[in-house]
Amino acid sequence: MDYMMPRDKNQPDLRVNIGSLEIANPVMTASGTFGYAREFEGLMNLHHLGAVIVKGISLYPRVGNPPPRIVETACGMLNAIGLQNVGVDRFITEKMPYLQGLNVPVIVNILGDSLAEYEEITARLAGVAGVAGIEVNISCPNVKKGGVAFGTDPIMAAAVTGAVKKKADVPVMVKLSPNVSDITVIARAVEDAGADAISLINTLIGMAIDLPSRRPALANIIGGLSGPAIKPVALRMVYQVARTVSVPVIGIGGIESAEDALEFMLAGATAVQIGTANFINPRASEEVIEGIGAYAKAEKLLSIRSIIGGLRIE
Amino acid sequence: MDYMMPRDKNQPDLRVNIGSLEIANPVMTASGTFGYAREFEGLMNLHHLGAVIVKGISLYPRVGNPPPRIVETACGMLNAIGLQNVGVDRFITEKMPYLQGLNVPVIVNILGDSLAEYEEITARLAGVAGVAGIEVNISCPNVKKGGVAFGTDPIMAAAVTGAVKKKADVPVMVKLSPNVSDITVIARAVEDAGADAISLINTLIGMAIDLPSRRPALANIIGGLSGPAIKPVALRMVYQVARTVSVPVIGIGGIESAEDALEFMLAGATAVQIGTANFINPRASEEVIEGIGAYAKAEKLLSIRSIIGGLRIE
Amino acid sequence: MSQYQEKATVARIEQFANKNFRLTLHCPQIAVSAKPGQFVMIRTATGKDPLLRRPFSIHQTSSGGGIQIYFKVVGRGTEILSQVKKDQEVSVLGPLGRGFRLGLNGPAIIVGGGLGIAPMLFLAKENCRLKRKCSDDLILLGAREKNELEHLLEDFRRLGLRLLTATDDGSLGHHGFVTEIMQSALPPGCTVYTCGPEPMMARVGKICQSQGIPCQVSVESVMACGMGACLGCSRPAKDGTYTHVCLNGPVYDAEELQWTI
Amino acid sequence: MSQYQEKATVARIEQFANKNFRLTLHCPQIAVSAKPGQFVMIRTATGKDPLLRRPFSIHQTSSGGGIQIYFKVVGRGTEILSQVKKDQEVSVLGPLGRGFRLGLNGPAIIVGGGLGIAPMLFLAKENCRLKRKCSDDLILLGAREKNELEHLLEDFRRLGLRLLTATDDGSLGHHGFVTEIMQSALPPGCTVYTCGPEPMMARVGKICQSQGIPCQVSVESVMACGMGACLGCSRPAKDGTYTHVCLNGPVYDAEELQWTI
Ligand SMILES: Cc1cc2nc3c(=O)[nH]c(=O)nc-3n(C[C@H](O)[C@H](O)[C@H](O)COP(=O)(O)OP(=O)(O)OC[C@H]3O[C@@H](n4cnc5c(N)ncnc54)[C@H](O)[C@@H]3O)c2cc1C
Ligand SMILES: Cc1cc2nc3c(=O)[nH]c(=O)nc-3n(C[C@H](O)[C@H](O)[C@H](O)COP(=O)(O)OP(=O)(O)OC[C@H]3O[C@@H](n4cnc5c(N)ncnc54)[C@H](O)[C@@H]3O)c2cc1C
Ligand SMILES: Cc1cc2nc3c(=O)[nH]c(=O)nc-3n(C[C@H](O)[C@H](O)[C@H](O)COP(=O)(O)O)c2cc1C
Ligand SMILES: Cc1cc2nc3c(=O)[nH]c(=O)nc-3n(C[C@H](O)[C@H](O)[C@H](O)COP(=O)(O)O)c2cc1C
Ligand code: FES
Ligand code: FES
């Protein structure tokens, strides 16, 4: 499938490659922060996106956590949505037709409780028209291992990657959890297991308390921290991972502007994802694309690829 | 030694115990953010503090990192001071006399490259008048283990704790690094090794980039993230650790107000430390103490101890 | 359903009670497409803190492209918003959510309490316009005390509808809850519209249910996006699932939701 | 050395060039204890972002308890500061740092460039007061263009000292760098005081060194606390160690520091 518009020779080349998938520009929307894209159709031009990554899909529908599910924190927010989603079958029948019509690569974020579940979702997505890639969320608890997240153990992370790769007919990105002692160990493990790209970071685990009621601010007690607050941690991990692996790295975490995105690319990211910023500015991803284009033009870059990993260190 | 002022019976009892050390109120200043206390003498009443924790001390003086050493981030800051300090001997002769005169418990934060170094610093601090406790910074790289931080490995963390305990004649707090997959594993290890209290969190590892120059914003490339941005992570870890260990836990991370401090206490902290907030408001720690007192009064608490771990969870 | 992210200009900021403010914003695209019961999300800070937009019901719109919100200072976001100056620019996203189902036959009984009065003016106005005949509509407004109510009454009075008030301290109208005057005032074939504190809405819903009267409620929830993207604004629905207030609400039939009274 | 954290009131905010502002703050405790070359740390945001205070040299003080800062908008903090309104409250911490060593015998040659002009007015004034006789003092001010300079000149002229100017574009005074007019203007026995862009100060320091003239420079550094607590504001010193600008500076003898020209 070719998603590319004929390229204007006077515009800088913003295309980048995620494994065998070429995208028109390095900006994607992060899973769980952009619904199924349609929510934004009146507010921005969806066709401009590098790729859309949809809310995490599980084998069966999930109703999610009781409220409150979100709470604001300093320059960030915590969420404990509880992976609410319609399940892979309804996703394919109800959501894919619209997404496919966008003419933008659709990357499906998947999650599971067990290796078998990851494998089965991937199998069901194989051959579905419009699915251009799979992003594996490994921050989920492994029910068999007492709820330890797949993403905190290199062996489990590799096993999930392998299970998905076995069934996938599109490039597979593995999305890392930042809640680990050494992110490069996990990155290397999933690369060795066949990941075509690595995206990071998912949310940091955090908590907030409502003092007047002396209760946790989230019904789930703990939640995932996202937004500008986590950007320094994300940037550091992207830098470390990009120096460790040879597959493309996709940077995520607190990106709100083209400047933020370009910093991630300098640190080694081939592409970026916009998450929480979508809530504050529904046009955020489009503005990041425009800003990257303007930067490339001002800096007279023939291709945006030339800045990937271009951080100057003496 | 008795640091206690005679207590006013009309005021709520703010005293708490850190092992055998009783402090007048649960508010301490965090290491590296309060100099050697004297810097603040004109701006607040130092005698009101629960305890002063001084800048990390090593066996020999360290000059620290080249500039830039700090950079602001969203609701936070990164620092890479490089553990600049005068060394334990000059600390004892030059800094302790003033500190001792404050009539406030002085806790000495120590750091080292090796077990031997931790042990030797502790030995030199033993018997020094005015030293009321030792806080062990285990976020430092272990030179023998290729620079892996002591605090990211339970065996090394326990070893450092044991080495310090062997020589210490005052309560020993071990300060945990948050850059780990499971903070409770480290907490349990240091408790088993004899820690009298556990303080957390030290800074998250982060990075910032200066886009115009395409260089890292810090000369050291990576630095430690502190401030309100990290509070949700800190609160979560304090909650997890307080439920795991039975020694007192001291909460640190983004605390700016009495409300913040009380949230940490509800999550299980016996006391708190004020860090980055000192830079923004030199009176921050005093205001936190006043605010905790006002809260205790308004809520008619006989003792502030009654809210420790009092988070309501159904 | 058109939605816009507009750089609105502050046309006016009025302080009513101690912490209650009315803000008039010029944002013509939102103004022209807004329906009663819908809301907007407003960025209060220019920096990154507070990070998220804040939701506010649309109090009324003007043909000149203005919208009004009526709000109370309860935290940092509303504090900042209370300090905007005329001509300042503010980012407004809207109109959002499903509003009230209007133009139904029979009298409309409009019950607003506290800040829940905010959406009721727009509702009363527009409902009148759609139904043409609204002489048997009734507006019931409750608040804690007189000065939380009186400044708002002028615009309601201008509609020429029957209007009753209640205050907790008796400083204006009935001394007590607005639900007390409502109980006896429900004519046959009416529809009740309500917005206010949860216990009040639960009570209103219960009264309606017992009398077999349809009741539309406008509810709140914490929100990050206001447009269905984050799934944060969940609220338990009658059927055991969750509904998303920003998308399926904020207006519901009282029966769709779970109430704890 | 007394330091204060004051809730200062904005007495006046003036815009000079496009991005250059002068802010007058009422903070009597700081005003009365400030010395030339010292600085203040100002909180620009009311929320938590931007988090840290920003350092600014004291431009002048008034006997009525006012201090002035002269600043350029270069980022978010200064942007917010440029938008303060009269009577607004701003938290100011100061006075901080070691200022200029004043009252020395012989002519004072005061060389300010760009924003480095800020501390020079206070310096020139106070030095005059201390020395009594200052008719042989000389002020040299440089900027990129006329409108960055002219508004500041009035206050300098009032001192009655000799004053020369230079602009990069020749729109006022000498066409070129201020260091060019300084070179030939150094009388025997003088002391040079300078503040401005690093290359300018390095150049001034070098000229002084070659002529054996003492030179005091006021330098910058990123700062978190401004009071010696964070050790963030390090700068390489001549002897291979680091010096902390907020505590040991911002004023140094040019020879104490490392310069790259
Ligand atoms: C659809 C919708 C429409 C709304 N319409 C209006 C309106 O027309 N007028 C109006 O004033 N408000 C309205 N609200 C509520 C409004 O959004 C909140 O008051 C606002 O977001 C608070 O922001 P803050 O930053 O000031 O408070 P925060 O700092 O976010 O919160 C401060 C404290 O106030 C509490 N709090 C939060 N919301 C409320 C609330 N609604 N009432 C009392 N305490 C609260 C929080 O739990 C917290 O303890 C509406 C909410 C929704 C979901
Ligand atoms: C002791 C001392 C005294 C000072 N006195 C003055 C003064 O009198 N007047 C004045 O205008 N400034 C003065 N400064 C500089 C001033 O503190 C900074 O300009 C200010 O902190 C920038 O804050 P910001 O939030 O606007 O910029 P930020 O958002 O923090 O930074 C924006 C961009 O500007 C760059 N930047 C930072 N500082 C400067 C600078 N000084 N010049 C140019 N670019 C910079 C940053 O690297 C960044 O790329 C002084 C600094 C020190 C240390
Ligand atoms: C409300 C919300 C829901 C999310 N849901 C998912 C999800 O389903 N799957 C996933 O991999 N990541 C999910 N994330 C994580 C984001 O995709 C992203 O990794 C994270 O928020 C950090 O980026 P940001 O700071 O730009 O938001 C979610 C984040 C938020 C805020
Ligand atoms: C400038 C700076 C220097 C620090 N130096 C030390 C140190 O020497 N030893 C240590 O254990 N922690 C050090 N810390 C960490 C703090 O003590 C504290 O754990 C951390 O900043 C989190 O708290 P906060 O968010 O309140 O600042 C330092 C922090 C900062 C910001
Ligand atoms: S607020 Fe985001 S889905 Fe409703
Ligand atoms: S700015 Fe903190 S020590 Fe100088």
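Throughout, protein chains are lettered first and strands after them, A, B, ... in sequence-line order, and every chain is numbered starting at 1.
- Proximity of B:N79 to D:C230: side-chain heavy atoms (C-beta onward) are nowhere separated by under 4.5 Å.
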Requested in this report: Given salt bridge (charged side-chain N to carboxylate O under 4.0 Å, His left out), test D:R53 with B:E72 step by step and report yes or no.
Outcome: CA-CA 10 Å; D:R53 291 172 180 268; B:E72 194 180 55; over 6 Å; no
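- Using a distance-only test at 3.5 Å, with no hydrogens or angles considered, a donor-acceptor pair links the side chain of B:R69 to the main chain of D:L231.
- Interface residue B:E256: only side-chain heavy atoms are found under 4.5 Å from chain D.
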Query raised in the report: Where do B:I280 and D:L52 land on the side chain to side chain contact (heavy atoms under 4.5 Å, CB included) test, with the steps shown first?
Result: CA-CA 6 Å; B:I280 301 151; D:L52 301 172; 4.2 Å; yes
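- The minimum heavy-atom distance linking B:C75 with D:L51 is given by the pair C-CD2, 3.8 Å.
- Put simply, CD1 on B:I81 and SG on D:C233 are 8.5 Å apart, with the number rounded to the nearest 0.5 Å.
- Neither the backbone nor the side chain of B:R38 comes within less than 4.5 Å of any heavy atom in chain D.
- With hydrogens and angles ignored, the 3.5 Å screen pairs no side-chain donor or acceptor of D:Q3 with any backbone N or O of B:L43.
- Proximity to chain B (any heavy atom under 4.5 Å) is shown, for D:M41, by neither the backbone nor the side chain.
- For the atom pair D:S234 OG and B:N65 CG, the distance stands at 8.0 Å (nearest 0.5 Å).
- Crowding of D:F177 atom CZ: a count of heavy atoms from other residues, nucleotides or ligands under 6.0 Å not exceeding 12.
- Distance check, rounded to the nearest 0.5 Å: CD of D:Q5 to CE of B:M44 gives 11.0 Å.
- The candidate from B:F34, B:F279, B:F40 with the greatest count of non-hydrogen atom pairs under 4.5 Å with chain D is B:F279.
- For D:Y242, the part lying under 4.5 angstrom from a heavy atom of chain B is the side chain only.
- Of the atoms belonging to D:R235, it is backbone heavy atoms, and not side-chain ones, that fall under 4.5 Å from chain B.
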